[in-house]
Amino acid sequence: MRPDILNPLFSEVQSLKGVGPRLSKPLERLKLSRVKDMLYHFPHNYVYRQYRETLDISDVGHNIIIKITVVDMRSGHSHRSPLRIIGQDKNGDVVSMIFFGRNAGWAKKQLPMESERIVSGKLEQYGDELQIVHPDHINPITDSKDTAPPQVEPIYPLSEGVTNGRIGQMVSEAMAVMPKLDEWIEPSVIEKYGWADWQDALRSIHDKADENAHDRLAYDELLANQITMQLVRADMDRRKCMQIHGDGRLIDALKLPFEMTGAQKRTIAEIEGDLRQSRPMLRLLQGDVGSGKTIVALMTLLRCVESGAQAAFLAPTEILTRQHYANLQQMLAPLPVNIAILTGRDKGKVREATLMGLADGSIDIIIGTHAIFQEAVTYKNLAVAVIDEQHKFGVSQRLMLTKKGRGVPHLLVMTATPIPRTLALACYGEMDVSQLDELPPGRTPIETRVISENRIDEIIKGLERHLSSGKQAFWVCPLIEESGNSGLAAAEVRAEMLQKHFGNKIAIVHGRMKNQDKDKVMESFINKEILLLVATTVIEVGVDVPNASLMIVEAADHFGLAQLHQLRGRVGRGSEKSICLLIRSEELSETAHKRLSLMRKSNDGFEIAEEDLNLRGAGEMIGTRQSGGSPFQVATDTQVRALLSTAANDAKLLIQRDGGLSGVRGNAARTLLYLFERDAGVATLRSG
């Protein structure tokens with residue numbers, strides 16, 4: 001049960017002063033539903049301002065705060081011309097405050113003639129004129145010092161309908177109810193890094209760019225993660241499971257049309273060694289796109305069925321579940337194996353029959369979405385569970401599996417996202433790891449090309465030739481719709497433009513669509529009713545479409561390497577030569593140039609993942625969730641690499657010395673687990 005001291009942090013954000021229903025939608029878009037979420041909604045930048053008594057050309061390029069008197073207003077001849085409001089400092093030197101578009105009327109009210117105001121913004125020079133374009137603060141002068149803009153102002157990630165100032169006020173309100181918590185970090189670690197306590201670190205990171213405070217808060221998250229994983233591993237080791245030997249009758253009867261790779265054979269041997277133990281298997285299978293993970297999973301499932309037990313195969317989406325079911329059904333057709341499917345879409349008598357088959361043991365292998373582990377689903381003898389590409393299947397879901405079998409089911413988690421060793425330890429530290437590090441023979445590497453956005457007309461002509469030959473293609477954009485002045489491609493705008501060329505051959509799919517609508521579009525694409533699919537990264541991990549042999553990624557320099565590699569892996573699944581076309585911006589940063597160069601040279605997902613981690617390391621924005629499958633909200637990949645080893649040792653010391661979270665620091669660590677919602681770790685103590 002969550003400690004009472006944390007209750008204020010888990011209260012709804014509407015409990016804060018001045019937060020009403022009008023803000024619910026913008027806050028929901030930012031995933032800010034509780035007081036705790038506000039505290040951990042870190043700034044991604046900070047504005048630093050300097051007080052100035054008088055204007056000085058040496059301040060051009062800097063943010064200044066200055067007191068002015070309004071002496072003139074000038075509007076241009078055109079409705080597009082900006083409004084210029086002229087202010088004087090105390091020496092009579094002038095600065096123009098420039099307002100474009102609809103802001104002009106508002107600006108006249110804020111800066112009436114002959115009024116005195118304190119304004120702030122970046123001082124710029126245009127010809128001989130000093131100017132501030134759209135001042136960020138315009139404050140009346142009163143006796144209170146609070147009217148002056150802050151010299152350091154945090155800039156938060158925003159959503160339409162909520163301002164930066166409003167977010168700042170809510171953060172302040174959240175801090176007012178922040179409790180004082182006992183320290184959970186080992187004192188020697190605190191001393192080594194010179195860290196403040198939890199409260200002070202949170203206050204500091206909302207005041208200024210404080211890397212030391214961010215490191216401390218990242219360490220909290222890593223420590224909670226490591227404690228949880230060590231407790232779960234220890235708990236699983238205490239539990240009994242079915243020892244699976246199998247007699248080989250099904251595997252020997254399975255006729256594969258190809259020779260398995262050495263990596264597949266090695267991994268299957270590792271898994272079979274795990275299955276023979278009374279200690280439950282907890283194994284992560286990493287394999288690049290096309291490395292043959294499904295065959296390894298099938299061998300694992302069959303070995304289970306040979307032993308007279310049931311096996312479950314969970315896929316992340318309904319459409320992928322149905323594709324797995326169709327493929328495995330075809331491969332297992334000659335064998336005496338009863339395979340079934342269960343998704344949220346299955347209702348009525350079909351669902352009842354499946355549930356009955358699982359309960360009486362007549363179904364050997366079930367393939368499905370999360371529906372297969374719902375409370376209403378019971379198994380006669382579930383002994384093995386395989387989880388395919390499910391990043392969200394964390395420790396609490398792994399514990400949920402313990403209730404589904406007579407003993408604890410053996411667990412194999414598969415991912416097609418190659419994870420650098422450090423992040424694998426952070427995400428799956430309690431699991432053994434196998435790697436499929438070679439591709440089946442005969443696979444043609446995907447050719448990757450990089451092309452400038454200025455050549456979009458050529459790209460469309462090439463796409464036209466590709467589609468006219470009956471082949472299919474993906475076109476991926478970073479955004480769903482246009483977003484301010486980001487300059488990034490939006491899927492809806494691009495789809496509208498491409499529709500003029502390709503008519504009903506094109507469709508769009510993105511994350512805001514309902515699952516049923518997404519599935520319908522994807523099924524049309526698989527059935528070749530649609531030849532061009534415009535999408536966001538929602539298709540990054542998805543279904544096989546062998547006829548799709550062209551992947552176009554727009555604004556590719558804005559994607560991480562691991563993400564680009566996953567997108568590229570959507571093609572190259574058929575016999576045709578496949579091409580991945582990366583459209584880049586005209587101006588490239590050095591990091592973006594390195595990313596795209598490596599994509600051209602390498603098809604090795606493990607090499608790409610390591611380099612992605614290196615390139616993402618420096619200069620990351622605080623408070624942004626990392627790409628590449630990281631489970632952390634606070635810790636950046638750089639912090640994971642720097643602090644994970646210390647956190648793992650700290651967790652081990654805590655558990656071994658304090659006997660499973662007892663004593664003063666042990667109780668503080670329990671609070672930490674609840675703070676980061678790693679309740680699964682505490683649950684193991686209660687159940688064990």
Side-chain angles (χ1 to χ4, degrees), residues 258-264 266-267 284-296 388-389 414-421 423-424 433-451 459 462 466 471-476 535 537 539-584 588 591-616 627-629:
F258 50 81
E259 177 72 19
M260 284 196 291
T261 66
Q264 285 175 312
R266 182 187 69 238
T267 299
L284 170 69
L285 174 57
Q286 287 196 74
D288 210 346
V289 173
S291 59
K293 294 183 300 301
T294 305
I295 294 300
V296 173
D388 180 35
E389 203 60 65
M414 306 194 302
T415 176
T417 307
I419 307 170
R421 185 175 177 276
L423 292 187
V433 179
S434 294
Q435 276 192 1
L436 294 180
D437 49 11
E438 57 182 296
L439 295 178
R443 275 184 63 94
T444 307
I446 300 163
E447 182 185 344
T448 303
R449 303 173 188 170
V450 180
I451 189 167
I459 295 167
H466 181 86
K471 299 171 191 170
Q472 292 170 278
F474 295 96
W475 188 307
V476 175
T537 54
I539 54 100
E540 185 180 328
V541 175
V543 297
D544 286 350
V545 186
N547 192 50
S549 53
L550 175 62
M551 166 62 71
I552 299 172
V553 183
E554 196 162 355
D557 44 305
H558 291 272
F559 291 90
L561 268 171
Q563 205 170 28
L564 287 174
H565 181 64
Q566 285 298 305
L567 290 169
R568 176 168 62 184
R570 292 302 96 213
V571 296
R573 291 161 179 260
S575 56
E576 290 281 343
K577 178 184 175 182
S578 292
I579 293 171
C580 177
L581 201 59
L582 304 177
I583 304 176
R584 65 167 177 83
L588 279 184
T591 299
H593 179 74
K594 286 179 181 176
R595 279 193 184 119
L596 298 182
S597 295
L598 183 62
M599 285 296 296
R600 258 203 327 262
K601 294 176 197 166
S602 177
N603 273 282
D604 184 334
F606 291 97
E607 177 190 357
I608 284 170
E610 289 289 350
E611 188 58 22
D612 193 27
L613 189 58
N614 293 330
L615 291 176
R616 286 207 311 264
S627 60

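Just the heavy atoms: all of them, side chains too, but no hydrogens, waters or symmetry mates, feed the values below. Residue numbers count from 1 along this sequence.
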How close do [X] and [Y] get, heavy atom to heavy atom, and via which atoms?
X      : Y      : value
His466 : Ser549 : CE1-OG, 3.1 Å
Ser578 : Ala548 : OG-O, 4.4 Å
Arg584 : Leu588 : CD-CD1, 3.5 Å
Arg595 : Phe559 : CD-O, 3.5 Å

Can you find a pair of side-chain heavy atoms, one from Leu550 and one from Lys471, that are under 4.5 Å apart?
no

State the [atom1]-[atom2] distance between [X] and [Y], to the nearest 0.5 angstrom.
X      : Y      : atom1 : atom2 : answer
Asp437 : Thr267 : CG    : OG1   : 7.5 Å
Met414 : Leu284 : CE    : CG    : 10.5 Å
Ile608 : Lys601 : CD1   : NZ    : 11.5 Å
Leu581 : Glu554 : CG    : CD    : 10.5 Å

side-chain hydrogen bond (donor to acceptor under 3.5 Å, both in side chains) with His565: which of Asn603, Asp604, Asp288?
Asp288

Check: Gln472 side chain, Val545 main-chain N or O, donor-acceptor pair, under 3.5 Å
no

Does Gln435 offer a backbone N or O that forms a donor-acceptor pair with the side chain of Arg266 under 3.5 Å?
yes

Run the numbers on Glu607 and Ser602 for side-chain hydrogen bond (donor to acceptor under 3.5 Å, both in side chains), then give the verdict.
CA-CA 8 Å; Glu607 177 190 357; Ser602 177; 2.9 Å; yes

Apply side chain to side chain contact (heavy atoms under 4.5 Å, CB included) to the pair Gln286 and Phe606, showing each step before the final yes or no.
CA-CA 9 Å; Gln286 287 196 74; Phe606 291 97; 3.7 Å; yes

Quick one: side chain to side chain contact (heavy atoms under 4.5 Å, CB included) partners of Thr448, sequence neighbours excluded?
Arg568, Cys580, Leu582, Met599

Give the C-alpha distance, both sets of side-chain angles, the deciding distance and a yes or no for side chain to side chain contact (heavy atoms under 4.5 Å, CB included) between Lys594 and Leu561.
CA-CA 10 Å; Lys594 286 179 181 176; Leu561 268 171; over 6 Å; no

Using the rule side-chain contact (heavy atoms from CB on, under 4.5 Å), only one of Leu596, Leu564, Thr591, Ile583 pairs with Asp557; which is it?
Leu596

